[in-house]
Amino acid sequence: GRHGFVVAITGIENIGKGLIREGTGYVTFPVKYQCVVFRPFKGEILEAVVTMVNKMGFFAEAGPVQIFVSNHLIPDDMEFQSGDMPNYTTSDGSVKIQKDSEVRLKIIGTRVDATEIFCIGTIKDDFLGVINDPAAA
Amino acid sequence: MMSLVTDSPVHSSSSDDFASYLDAQLGSGSTGTSGSSADDETDNESDHESERIKRRKAEKLEILEEPEGSTSHEYSEQILDSEQIVETTIKQDSCSHPGSFGGMCMRCGKSLEEKSGVTFGYIHKGLWLANDEIARLRKTDMKNLLRYKKLYLILDLDHTLLNSTSLAHISSDEEHLRGKVDSREDVSKGSLFILEHMHTMTKLRPFVRTFLKEASEMFEMYIYTMGDRSYALEMAKLLDPKREYFHERVISRDDGTQRHQKGLDVVLGQESYVLILDDTEQAWTKHKDNLLLMERYHYFASSCQQFGFSCKSLSEMETDENEGDGALATVIGVLKRVHTIFFHELEDELAGRDVRQVLKTLRKEVLEGCKIIFSRVFPTHFPARQHQLWKMAEQLGATCTVDLDDSVTHVVATDAGTEKSRWAVKEKKSLVHPRWIEASFYFWKRQPEESFSVDQKASS
């Protein structure tokens, strides 16, 4: 929804009168409810799982949120390597980002519409980048 | 430019102004100079510029729906952060907006109206790239090319790598196939599949698995079909069950920029390194030089009918294209030659090499040394030089002429009784059916003239 991704409904305030739809016989009720929503904010730091890596950057997801980190916002010392498992690697090979890697990134733009949440992220700042990698800084 | 991260007291005037501006905005009491306008006038252009950009960033953060718990200290840290980002990417106005995801610039996060660029929905939903960025990516990919010694290969699906038919169009003679389909469990072993939910039966072309394996070592491969996206993805699963050949490089008609044309604008590789395998020349009018035209694969009866053939189809005759010397086996040989020549025989710099040139050269070897004259092959008032066959023969390296003299080596005719035909027989020149030219074209090799003699009735 436009407020974010509904994680759980915490309470129902009231349920209005039902309206029978023409033709199908289904009934529609207007419901007022409270819920917990999840939505990303610009400037927020998130942890996400990498889903796809290519020459333009990489895509990651954090729950229902799709994040794209362009190679413009990946540190310059990381280079794209194509192949069976495309990845971004530092010149000394110590840090590698590939599918299923966990990364900490910062959101620099978000868009929420009725069915999807898109984000632009960066890992160019301090303390951002791969987590769970024993060789990482 | 100074860096605000250090708390040193050495500021340029803009830094003072900024701090005070911040204080004023956050309402936490200010002690600095009230306005910055007086100082601004004495600053130079770049200071003024970065001041404006910092203001813009500060304003943007105002809109942030941050929880009330944030202190002004945190705000200023965030602004310092974004200020650093702005400073590292500083241009006269702002970011160059190389592309967008979900409508937001992928570099600065701002909402973008699309300028000139291309949507790359097949790579990931919501992805769009500006033309400059596409050009830049194509160039930088050259490094990968050289490192892995791979060119780009675009593959068509229908009639090139496989043949599909709607279940509704299966002929009575083909019904027996229903019992012979291969399991979808382990696709790599089979070649005939039914996709119930798409009402389609698909037959993979003989040799296709070997072809893909060998081609993948020389090329980064793309699928490009005029089918819709769901069809394209299903076929990719059949051809590439381990997702090792194509990854996300599956382009369908939903991804093309033009209605009935295929184009290289949605391919992230330089045109001079791209080869295309397709059975339909008209789909690639802008890129004919990159195209290796394939002989159509007609397995099902509906396919034969669609193209006007009245013979029994391969499926009905329970036979198939020969694996060893069929179209795919032939073309992989040509691709290997192009690859070898490109990477090991060309002398100029990688940036200057062009795969289209290599193709042209290879084609010209096929009928090198032949001088051809046509007899009653073209309609009476048709300009000979414009004819398909004439142009095809010239592409293959032959010389075509309208003047009959002794240097002619081949007479192409359908009727053995014409004047030129009889001349050919008398002078011991080759008399061949036009199919000889076409066959040489599709096999990339000069065909034996005896197989195309003219008194033979054309067999289907």
Side-chain angles (χ1 to χ4, degrees), chain A residues 3-4 37 39-45 50-61 65-76 79-88 98-99 105-128, chain B residues 5 60-61 63-67 70 74-75 77-79 81-82 84-85 88-89 95-112 120 123-129 133-134 136-138 140-141 143-145 147-148 150 216 220 242-245 247-249 268-269:
Chain A
H3 300 291
V37 292
R39 68 154 289 182
F41 287 92
K42 198 159 85 179
E44 182 175 351
I45 312 283
V50 176
T51 52
M52 187 198 293
V53 181
N54 57 40
K55 38 190 131 173
M56 279 141 290
F58 65 85
F59 290 87
E61 59 184 36
V65 172
Q66 293 285 328
I67 307 161
F68 176 56
V69 179
S70 143
N71 58 18
H72 296 275
L73 297 176
I74 294 177
D76 297 326
E79 236 189 74
F80 175 68
Q81 323 262 13
S82 60
D84 262 0
M85 248 321 212
N87 60 74
Y88 280 87
Q98 61 189 28
K99 185 165 188 284
L105 45 82
K106 178 154 128 183
I107 307 289
I108 59 165
T110 109
R111 204 183 85 184
V112 181
D113 69 23
T115 50
E116 314 192 76
I117 305 179
F118 297 104
C119 290
I120 305 288
T122 173
I123 57 166
K124 221 169 185 177
D125 292 343
D126 291 340
F127 307 114
L128 300 179
Chain B
V5 182
K60 272 203 190 154
L61 280 160
I63 311 169
L64 248 184
E65 292 146 37
E66 286 297 353
S70 295
E74 280 171 36
Y75 265 122
E77 277 190 337
Q78 282 177 328
I79 292 171
D81 232 14
S82 44
Q84 280 176 339
I85 297 176
T88 54
T89 62
C95 160
S96 61
H97 303 317
S100 71
F101 176 60
M104 299 170 288
C105 171
M106 55 177 61
R107 199 180 194 190
C108 70
K110 210 165 99 163
S111 232
L112 277 193
F120 281 84
I123 296 182
H124 197 287
K125 184 169 172 190
L127 188 62
W128 173 87
L129 293 173
E133 178 69 0
I134 296 173
R136 187 192 73 87
L137 283 170
R138 286 195 177 125
T140 58
D141 212 43
K143 265 191 280 160
N144 264 315
L145 256 202
R147 184 190 291 150
Y148 294 101
K150 285 193 179 180
S216 69
E220 181 174 277
K242 295 196 207 141
R243 284 212 71 174
E244 52 186 338
Y245 300 137
H247 295 114
E248 70 277 359
R249 294 182 297 265
L268 286 169

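A, B, ... follow the sequence lines: proteins, then strands. Residue 1 opens every chain. Just so you know, these numbers come straight off a predicted model, no measurement behind them.
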When rounded to the nearest 0.5 angstrom, what is the spacing between CG in A:Leu73 and OG1 in A:Thr122? 4.0 Å
Search all heavy atoms of A:Lys55 against all heavy atoms of B:Leu137 and return the closest pair with its distance. O-CD2, 3.7 Å
Please classify the contact between B:Arg136 and chain A as side chain, backbone, both or neither, with a heavy-atom cut-off of under 4.5 Å. side chain
A:Phe41 ring centre to A:Arg39 NZ or CZ under 6.0 Å, with the angle to the axis within 45°? yes
Heavy-atom distance under 4.5 Å to chain B: side chain of A:Ile117, backbone, both or neither? neither
Could you give me the CA-CA distance, side-chain angles and deciding distance for B:Glu133 and A:His72, then say whether side-chain hydrogen bond (donor to acceptor under 3.5 Å, both in side chains) is met? CA-CA 11 Å; B:Glu133 178 69 0; A:His72 296 275; 2.9 Å; yes
Minimal non-hydrogen separation, A:Ile67 against A:Ile107, with atom names: CD1-CD1, 4.2 Å
Could you check whether any side-chain heavy atom of A:Ile123 comes within less than 4.5 Å of a side-chain heavy atom of A:Phe58, counting everything from C-beta outward? yes
Is it the side chain or the backbone of B:Leu129 that comes within 4.5 Å of chain A heavy atoms, both, or neither? side chain
Which answer fits B:Leu127, side chain, backbone, both or neither, if we ask what part of it has an atom under 4.5 Å from a heavy atom of chain A? side chain
So, the part of A:Phe59 with a heavy atom under 4.5 Å from chain B: the answer is side chain
Measure A:Glu116 against the heavy atoms of chain B and call it side chain, backbone, both or neither at under 4.5 Å. side chain
Whatever's closer than 4.5 Å to a heavy atom in chain A on B:Arg243 counts as neither
Please look at B:Phe101 and chain A and tell me whether the side chain, the backbone, both or neither of the residue comes under 4.5 angstrom of a heavy atom of that chain. both
